[in-house]
Protein chains: 2
Amino acid sequence: MTTTTAADRRAHAKTQYNAFLAACPSQRLLARISGKWVALVLSALGSGPDCDGEPRPLRNSELARILAGVSPKMLSQTLRSLERDGLVTRTVTPTVPVTVSYELTDLGLSLHRTVRELKRWAEANRDAVTANQQRYDGA
Amino acid sequence: MTTTTAADRRAHAKTQYNAFLAACPSQRLLARISGKWVALVLSALGSGPDCDGEPRPLRNSELARILAGVSPKMLSQTLRSLERDGLVTRTVTPTVPVTVSYELTDLGLSLHRTVRELKRWAEANRDAVTANQQRYDGA
DNA sequence: CAGCATCCGATCGGATACTG
DNA sequence: CAGTATCCGATCGGATGCTG
């Protein structure tokens, strides 16, 4: 009985596909930037504390202030994953108490520019999307 | 006792910030495209079944085949949210059994182009990021 | 000041089974 | 064929408390 069921085939396809997805750069990138705070951190570091200036390094506490609602845990977690990917650098200055500052790398800067494109799309089409949603919900 | 604690202030800031985030177009956009299948659906509809052609409408089952590992639930859910946002159209042809096809709207097409930029960044920098991660993990 | 550990609720996504 | 409903595990993100 070589009954290969549809479920079997799907299971196999899924395994294959998961492997593909895991290697897929687009998926990895999306996973990277889709965190709740990632884009905001990139934005803060890439546009300065007022979100409309030049890139410049920021201290942990400055970031915490700019990203008003962030918990220490998520800020830390976000920054470490960005550091791991080589998108930001972490610099420790051994003052008392210690000072830590974060800065975009060139790689991070280039991603920031790309993300800004997305942001522009969002700003340009926000109203259209909202209108579509309301039309859809009303129908 | 007007002891406004740091926690109080943070709670307030958080409420404010959550409201801001909810309205923030960037956040909404990220929430939109960061679903596991959203980018893949956009990509399939925007580049044809071989992911390297012209945009063209696809049937539900075609999408299911292209996105090999997707469950019916997530495919449906993803498509409906995209439809709600006015990024895809859903067309029902009353054959027997019914035929449903999905197609990018102009809005969806413009988002697809933006997402492709991200994808290009990912492909161009995948190796650099992977190398950074390995260096980080080894250290 | 910076960051980690723990606990917990909310949400996401998958498996399965069922309807028009 | 297309879509829905339910259940469940995994993950995400927040709150709190503690360390160097």
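Just the heavy atoms: all of them, side chains too, but no hydrogens, waters or symmetry mates, feed the values below. Every chain is numbered from 1, with letters handed out A, B, ... down the list of sequences. As the structure is a computational prediction, the values presented were derived from the model and not from experiment.
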- Message: Applying a strict under-4.5 Å side-chain criterion to I, L, V, M, F, W and Y, I'd like to know whether A:Tyr136 and B:Val92 cluster together.
- Response: no

- Using a cut-off of strictly less than 4.0 Å, decide whether A:Arg59 has a side-chain nitrogen or oxygen near OP1 or OP2 of C:dA2. yes

- Could you tell me which non-hydrogen atom of A:Leu63 sits nearest to which non-hydrogen atom of A:Ala44, and how far apart they are? CD2-CB, 3.9 Å

- Separation of C:dA10 atom C1' from A:Lys36 atom NZ, nearest Å, is 11 Å

- Could I get the full list of side chain to side chain contact (heavy atoms under 4.5 Å, CB included) partners for A:Thr105, not counting sequence neighbours? A:Thr89, A:Leu107

- Message: I'd like to check the side chain to side chain contact (heavy atoms under 4.5 Å, CB included) partners of B:Arg59; sequence neighbours left out, ordered by chain and number.
- Response: B:Ser61, B:Glu62, B:Thr99, B:Ser101

- Atom CD of B:Glu62 and atom P of D:dG3 are separated, to the nearest Å, by 13 Å

- Query: Does the side chain of A:Thr99 get closer than 4.0 angstrom to OP1 or OP2 of C:dA2 through an N or O atom?
  - Reply: no

- Rounded interatomic separation in angstrom, taking CG from A:Leu30 and P from C:dC12: 16 Å

- Message: How bent is the helix from C:dC1-D:dG20 to C:dG20-D:dC1, measuring the angle between the end axes built from five pairs each, rounded to 10°?
- Response: 40°

- Are more than 12 heavy atoms from other residues, nucleotides or ligands located less than 6.0 Å from atom CG of B:Asp106? no

- Task: Please list residues of residues 90-97 of chain B whose heavy atoms come under 4.0 Å from any atom in DNA chain D, ordered by number; otherwise none.
- Result: B:Arg90, B:Pro97

- Going by number, which of residues 73-89 of chain B have a non-hydrogen atom under 4.0 Å from DNA chain C? B:Lys73, B:Met74

- Query: Does the side chain of B:Pro57 reach to within under 4.5 Å of the side chain of B:Tyr102, using non-hydrogen atoms?
  - Reply: no

- Residue set satisfying salt bridge (charged side-chain N to carboxylate O under 4.0 Å, His left out) with B:Arg120, at least two apart, ordered chain then number -> B:Glu117

- Note on the structure: When B:Ser71 and A:Asn60 are each assigned the nearest nucleotide of DNA chain C, the 5'-most assignment goes to A:Asn60

